[in-house]
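Values below: all heavy atoms of this structure, side chains included; hydrogens, waters and symmetry mates excluded. Proteins get letters first, then strands, A, B, ... in listed order; numbering begins at 1 in each.
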There are 2 protein chains.
Amino acid sequence: MALSFISPLLPHHDHNRCREKALQTADRICDNRGVRLTPMRRQVLELIWESHKAIKAYDLLERITPKAGTTKPVTVYRALNFLMEQGLIHKVESLNAFIGCSFSDHQHQQLLLTCSNCQEVEERPAEAVMEAIDRELEQASFTIYYKAIEIHGLCTHCAKIDATANHIIE
Amino acid sequence: MALSFISPLLPHHDHNRCREKALQTADRICDNRGVRLTPMRRQVLELIWESHKAIKAYDLLERITPKAGTTKPVTVYRALNFLMEQGLIHKVESLNAFIGCSFSDHQHQQLLLTCSNCQEVEERPAEAVMEAIDRELEQASFTIYYKAIEIHGLCTHCAKIDATANHIIE
DNA sequence: GTTATTATGTTACTATATAACATTACTTTA
DNA sequence: TAAAGTAATGTTATATAGTAACATAATAAC
Ligand SMILES: [Zn+2]
Ligand SMILES: [Zn+2]
Ligand SMILES: [Zn+2]
Ligand SMILES: [Zn+2]
């Protein structure tokens, strides 16, 4: 129980395990759904999972290996669209960047906490928030298709550094 | 009491009054703060307030009158940045577009409801949602700088049309 | 009026994303 | 298993969004 409640954003968490789990889950999900996690799509997902920082399409583009530099934007965007459709990644709308989904194995809604200092993004189900939004939408008689709940600020770790030293950039 | 509770998004509301009120409020706010709502900035604000639809920077650009077509992107973005700093407009991050703020005369937090059919955006204070977010951020020990709460879907009006006829574009 | 500050103009560029059509790789089924 | 159909990727070109750096103009402060 203890370990599984450690936030993925703790600075020294076992990110290899984090990434491997996400990739295995992706393999399984795509297999179950009869959709193809092709080498290109998987590589984009792997690159996204190299950290919890949101990554931009053109940064992915530079890092795709089959003759790095020859892959074109549209290829990356197609892979990104596939991964979003399958719920394997999320777009951070306010950054034009992408993160791996931490809860891809079940239907969920998420709030994204983006640290302006370290750029890491924490995805949280925030159920109480989602319920409050549902109530608000009901009052407004609004039929929801898509939701982007994004918060920018300082994560715990960076806020502590900020309190100690005093050299936050942003 | 009755009139003031009519949603600004009702199809036939008195939008002239809506716009004039917003512009007068902007004049007053800028005057009070000792900042300058220059002709360029005011024109951008006027163009934004022509409707409740979110409008894109390059669409504004096309509509700026001093020799329409000669104004450069940077001019519009500078005006937009000023208006955002003064809280007179909001950016809809998930659309790369802008709307006039409906509550610029007091400090507030907002949730944005964007209709995928008619493109109108309704700004709502949604205090219960904001409180739920505050609690979530406290739990996460996250220090907030900026918040984007954006919902896409169908407004009441368009949902009704959808129910009657059946030709929603999206 | 001169100086400082703020706003806008100008040129050039960087960054983000898609359209349209050709080719390749997989899947289906005769 | 060959042919046909479908899905994925490649290719070329373009559309859309946003900024850097420096010049000029307008306003404010002294
Ligand atoms: Zn991790
Ligand atoms: Zn997720
Ligand atoms: Zn109105
Ligand atoms: Zn507002």
Phosphate contact (C:dA17 OP1 or OP2) by A:Asn96 side-chain N/O below 4.0 Å: yes

CD of A:Glu93 versus P of D:dG18: gap in Å, rounded? 12 Å

Using a strict 4.0 Å threshold on nitrogen-to-oxygen distance, state whether A:Lys147 and B:Glu150 make a salt bridge. no

A:Phe98 has an atom CZ; how far is it from atom P of C:dA15, in whole Å? 16 Å

Counting only heavy atoms not in B:Glu20, do more than 12 sit closer than 6.0 Å to its CD atom? yes

Quick one: which of C:dA7, C:dC26, D:dA21 gets closest to the side chain of B:Arg78? D:dA21

Please confirm whether the shortest side-chain N or O distance from A:Lys91 to OP1 or OP2 of C:dA17 is below 4.0 Å. yes

Let me know the distance between CG of A:Leu95 and P of C:dA15, rounded to the nearest Å. 16 Å

Within the structure, does a side-chain N or O atom of B:Thr38 lie under 4.0 Å from either OP1 or OP2 of C:dT8? yes

Rounded distance (Å) that lies between atom P of D:dT9 and atom CD1 of A:Ile64: 10 Å

Just by modelled atom types, is the A:Tyr77 backbone N or O under 3.5 Å from a matching donor or acceptor in the A:Asn81 side chain? yes

To the nearest Å, give me how far apart CG (B:Leu61) and C1' (D:dG18) are. 12 Å

Choosing from C:dT8, D:dT11, D:dA8, which nucleotide comes nearest the side chain of A:Lys72? D:dT11

Could you tell me whether the phosphate oxygens of C:dT16, OP1 or OP2, come under 4.0 Å of any side-chain nitrogen or oxygen in A:Lys56? yes

Nearest heavy-atom pair of B:Ser102 and B:Glu123: which atoms, and what distance? N-OE1, 2.9 Å

Between D:dA15 (C1') and B:Asp59 (CG): distance, integer Å: 13 Å

Go through the N and O atoms of the side chain of A:Tyr58 and the base of C:dA17, and report whether any donor-acceptor pair is under 3.5 Å. yes

Please tell me which of the listed nucleotides, D:dA20, C:dT18, C:dT6, lies nearest to the side chain of B:Arg36? C:dT6

Kindly give the heavy-atom pair with the smallest separation between A:Phe142 and B:Thr114, and that separation in Å. CZ-O, 3.3 Å

Below 4.0 Å: OP1/OP2 of D:dG18 and any side-chain N or O of B:Tyr77: yes

Students often get this wrong, so: under 4.0 angstrom with heavy atoms, is A:Arg41 touching a base, only sugar-phosphate, or nothing? sugar-phosphate

Interatomic distance where CG belongs to A:Asn81 and P belongs to D:dA8 [whole Å]: 13 Å

Considering only NZ, NE, NH1 and NH2 on the basic side and carboxylate oxygens on the acidic side, decide whether B:Arg19 and B:Glu46 come within less than 4.0 Å. no

What nucleotide, of C:dT10, D:dG10, D:dG18, holds the atom closest to the side chain of B:Thr75? C:dT10

B:Ala57 or B:Pro39: which one's nearest nucleotide on DNA chain D is closer to the 5' end? B:Ala57

Measure the distance from CG on B:Leu37 to P on C:dA7 and round it to the nearest whole Å. 11 Å

Would you mind telling me which of C:dA19, C:dT8, C:dC26 lies closest to the side-chain atoms of B:Met40? C:dT8

